[in-house]
Amino acid sequence: MLAQIEKSISGGATHKSAVKQAGISEQTYYHWKKAAAPASDGDDLKDLVALEDENKRLKSLLAERLRKENAELKRKLGLK
């Protein structure tokens, strides 16, 4: 029934009219929709771990680039 309501909404119907056409209340619709929503906690955790790994990788690349740049500047200034 949720899929039918979503199809009506994507077809241009309002939430209210689509829910009424399905024969349920808006409150019931939102309650069902919330209950049917997939738990995305696992995906969120995976995304967070992936972002942390990417952050570590980028920090490492930046640090290496800055070390090279610093060494080059010292060489040009005759400090090393």
Side-chain angles (χ1 to χ4, degrees):
M1 191 173 290
L2 288 174
Q4 175 190 355
I5 294 170
E6 292 298 325
K7 187 176 178 183
S8 295
I9 292 169
S10 67
T14 63
H15 277 28
K16 192 171 190 167
S17 65
V19 168
K20 186 175 181 180
Q21 184 180 14
I24 60 171
S25 70
E26 285 185 82
Q27 185 176 7
T28 301
Y29 165 73
Y30 287 113
H31 182 72
W32 286 357
K33 188 172 179 179
K34 183 178 178 183
S40 63
D41 292 341
D43 291 339
D44 290 345
L45 184 58
K46 286 179 187 176
D47 290 344
L48 179 60
V49 169
L51 287 172
E52 287 176 343
D53 289 344
E54 178 71 359
N55 194 25
K56 286 178 188 176
R57 186 183 72 78
L58 292 173
K59 281 182 179 180
S60 177
L61 286 172
L62 179 61
E64 182 62 29
R65 183 174 286 177
L66 290 174
R67 278 192 288 275
K68 286 179 181 177
E69 187 177 308
N70 192 22
E72 180 68 20
L73 288 172
K74 283 183 179 180
R75 187 185 61 76
K76 286 182 179 180
L77 292 172
L79 298 175
K80 201 170 189 183

More than 12 heavy atoms of other groups within 6.0 Å of E64 CD: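 Counting other residues, nucleotides and ligands, CD of E64 exceeds 12 neighbours.
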Y30 and H15 aromatic ring geometry - parallel, tilted or perpendicular at 30°/60° bounds: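 Tilted: the ring planes of H15 and Y30 meet at 30° to 60°.
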Separation between [atom1] of [X] and [atom2] of [Y], rounded to the nearest 0.5 Å:
X: R65; Y: S60; atom1: CZ; atom2: OG; value: 12.0 Å
X: D47; Y: L51; atom1: CG; atom2: CG; value: 6.5 Å
X: Y29; Y: K16; atom1: OH; atom2: NZ; value: 15.0 Å
X: I5; Y: S10; atom1: CD1; atom2: OG; value: 12.0 Å

Minimum heavy-atom separation for [X] and [Y], please, with both atom names.
X: I9; Y: T14; result: CG1-O, 4.2 Å
X: I24; Y: M1; result: CG2-SD, 3.8 Å
X: Q21; Y: S8; result: OE1-OG, 3.8 Å

Side chain proximity check, R75 to E72, heavy atoms < 4.5 angstrom: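 Yes; the side chains approach each other to less than 4.5 Å.
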